[in-house]
Amino acid sequence: MSDTITLPMQVDRLPGAPTHRPIGPCTLVILGASGDLTRRKLIPALLHLLGDGLLPDDFMVLGVGRKQLDDAGFREEQRVATGADPKLWPRLAPQLFYLTLELDVPDSFALIAERLEALEAERGAERGRLFYLALPPSVYPETIEGLARSGALPRRTQSDPRWARIIIEKPFGSSLATAMELNRVARAAVAEHQIFRIDHYLGKETVQNLLVFRFANAIFEPVWNRHHIHHVQITASEAIGVEHRARYYEEAGVVRDMFQNHLLSLLSLTAMEPPARFQSEAVRDEKAKVLNATRVDGAVRGQYGPGVVAGEQVPGYREEEEVANGSPTPTYAAMRCLIDNWRWQDVPFFLRSGKRLPQRLTEIAVQFHSPPHLMFPLEKGERIAANVLVFRVQPDEGLSLCFELKVPGSGMRISSARMEFSYQEAFGSGEHDAYETLLLDCMAGESMLFLRNDSTEAAWRIVDPVIEQWEREPPPGFPNYAAGSWGPAEADGLITAAGASWRNS
Ligand code: NDP
Ligand code: BG6
């Protein structure tokens, strides 16, 4: 609201040093090291961790990719691609090694095991191994089986100092059936505590803060239910289009790409019951329970046409490189979800995500009920805004709470005020990349921010019926929203039926 008064919130206690468990000697094996994820996320995250003094002293990376490179070539390629800080780079570069391999060739996994043993023998110390699947999802099953068969990824107990873990990137399958099969393959190879299914949204600062906000403050729990909350809106909007990932996106679409993982993770943290302990399994039990009670009760799909984003004319989805002419792939979806339990019965959770929307914004907005009776005299047509608590995940991570107050002066005028808390202002740090947190957690064996098999399957159970119906029925006049708009008009109907509206800023 333009006449909203903003009241900054203060932090009066600064945090101490990061509280990560010390990590012993460790080797990170990146499978798919010549790819986009490695240069855009993984190597930059390692550089930041190194700069912050959080990497183990004895740490190395073995990159595996099809591209013909030697160690020096791989180091140079990563240095250029990441625009590495010239002060930090000389500390990381000598720890990077590379192995050229076709993973679909039978003996390749034995070669990984051999190279690892040779590199580790030079260092002497007992060490952990972390395998990162930065590969096309189609090769995950054979890769996991190959790593296990060759002995490179052995089954280990939780307390073994020679720990062996595997990070599996999203998408984790493409349906409930394929996710169950991938879970079966992974659990046949290693124990569940060795498997880390990544959802990078769980590593974002505000997402982790949801747990602290909900369970370290007693004032919110009594109102965190159907008696006080009117609805919840979870938005993950992106201004970017499909970029260079059309081949993947054409098969995935927005529901597999954003809903099955990121949006349902946000929903589960917002709606779950308080765990009894701040312990990985206790938190993951509650997340799985709430997902098992969630269902979709109405959905709208969209695909962007040409339009203007940030003042720039951009093509429609069907005009993007490697996208089929009449592609039916949705780039936008809005869903009304219901959670069938005592706390949330009949409270709609509206989820939406899309590409080529006006801005990059991820937030969870919890809207409370309006007062049941209003004693104040209001002008005709004047309304009082409901209280809204917003967790801003990105950009500009923070929290805000909107409430009503009296405008000073004679007479009774009411205005909205927004209490604002900004991480940047309070703690002075910029956006902290989720991959840093997640890589470090995995090296420390901390699995709370990773997905357990039951949550992954529960999330597919929620979205599968929508995907199946949309793949059966032709799309409704795609493209149906212009790039730079807030999505198709039908999405408004989904939320206005509940007496609410989208928070389009
Ligand atoms: P890329 O296509 O850029 O890279 C894939 C990598 O896998 C390349 O190193 C490629 O080698 C290698 N590769 C492919 N097939 C084989 C094979 N048969 N044998 C050996 N190596 C192979 O993909 P991304 O890096 O973008 O993505 C990797 C994974 O991460 C995907 O599952 C993706 O969904 C996920 N992800 C990616 C994100 C991103 O921002 N990029 C974000 C979130 C998840 P070569 O280059 O020689 O072909
Ligand atoms: C990825 C999706 O998981 O998340 C992408 O595959 C999307 O399509 C990205 O752009 C968004 O992540 P973030 O951290 O930029 O919100």
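Counting starts at 1 for both ligands and their atoms, in listed order.
- The pair Glu420-Arg392 meets the salt-bridge criterion, since a charged nitrogen lies less than 4.0 angstrom from a carboxylate oxygen.
- With hydrogens and angles disregarded, no donor-acceptor distance shorter than 3.5 Å links the side chain of Asp454 to the backbone of Ala288.
- Residue contacts with ligand 2, taken as heavy atom pairs separated by less than 4.0 Å, do not involve Tyr249 at all.
- Under the side-chain hydrogen bond (donor to acceptor under 3.5 Å, both in side chains) rule, Tyr304 has a single partner from Lys355, Arg356, Glu320, which is Glu320.
- A heavy-atom distance below 4.5 Å is not found between the side chains of Arg165 and His193.
- With hydrogens left out, the protein atom closest to atom 9 (C) of ligand 2 is Glu238 OE2, 4.0 Å, a heavy atom.
- Legend: ring pair (Phe, Tyr, Trp, His ring centres under 6.0 Å) pairs involving residues 444-470, not counting sequence neighbours, sorted by first then second residue: Phe196-Phe450.
- Near Lys355, the atoms of ligand 2 lying under 4.0 angstrom from a non-hydrogen atom of the residue are 5 (C), 7 (C), 8 (O), 10 (O).
- Atoms of ligand 2 found under 4.0 Å from any heavy atom of Lys170 (numbered from 1 in listed order, with element): 1 (C), 2 (C), 3 (O), 6 (O).
- Checked for salt-bridge contact, Glu471 and Arg256 meet the test: a charged N lies under 4.0 Å from a carboxylate O.
- Taking the ring axis of Phe172 as reference, the NZ or CZ atom of Lys170 does not stay both within 45° of it and closer than 6.0 Å to the ring centre.
- Of all protein heavy atoms, the one closest to atom 8 (O) of ligand 2 is Asp257 OD2, 2.6 Å.
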Candidate pair Phe97 and Phe74, rule side-chain contact (heavy atoms from CB on, under 4.5 Å), full reasoning: CA-CA 7 Å; Phe97 303 90; Phe74 178 58; over 6 Å; no
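- With respect to the salt-bridge test (charged N to carboxylate O, under 4.0 angstrom), the residues Arg301 and Glu490 do not qualify.
- The shortest contact between atom 14 (O) of ligand 2 and any protein heavy atom is with Lys204 NZ, 2.6 Å.
- Counting protein heavy atoms only, atom 15 (O) of ligand 2 is closest to Arg360 NH2, 3.7 Å.
- In this structure, the protein non-hydrogen atom closest to atom 5 (C) of ligand 2 is Arg245 NH1, 3.3 Å.
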When you pair each N or O of ligand 1 with protein N or O atoms, which pairs come out under 3.5 Å?
from     : atom 1 : to     : atom 2 : distance (Å)
ligand 1 : 3 (O)  : Asp36  : N      : 2.9
ligand 1 : 9 (O)  : Gly32  : O      : 3.3
ligand 1 : 9 (O)  : Ser34  : N      : 3.3
ligand 1 : 9 (O)  : Ser34  : OG     : 2.7
ligand 1 : 9 (O)  : Gly35  : N      : 3.1
ligand 1 : 11 (O) : Ser34  : OG     : 3.3
ligand 1 : 18 (N) : Asp104 : OD2    : 3.3
ligand 1 : 19 (N) : Leu103 : N      : 3.0
ligand 1 : 25 (O) : Asp36  : N      : 3.1
ligand 1 : 25 (O) : Leu37  : N      : 2.8
ligand 1 : 32 (O) : Leu135 : O      : 2.9
ligand 1 : 32 (O) : Tyr140 : OH     : 2.7
ligand 1 : 32 (O) : Lys170 : O      : 3.4
ligand 1 : 34 (O) : Lys170 : O      : 3.0
ligand 1 : 40 (O) : Arg40  : NH2    : 2.4
ligand 1 : 41 (N) : Asp36  : OD2    : 2.7
ligand 1 : 46 (O) : Ser34  : OG     : 3.1
ligand 1 : 47 (O) : Lys67  : N      : 3.2
ligand 1 : 48 (O) : Arg66  : NE     : 3.2
ligand 1 : 48 (O) : Arg66  : NH2    : 2.8

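- Not a single heavy atom of Glu243 sits under 4.0 Å from any atom of ligand 2.
- Scanning the protein for heavy atoms near atom 12 (O) of ligand 2, the closest one is His200 NE2, 3.1 Å.
- Here the side chain of Arg318 pairs a donor or acceptor atom with the backbone of Ser327 at under 3.5 angstrom.
- Any N or O atom pair closer than 3.5 Å counts here, and Thr362 shares no such pair with ligand 2.
- Residues Thr235 and Thr362 form no side-chain contact, since every pair of their non-hydrogen atoms from C-beta on lies 4.5 Å or further apart.
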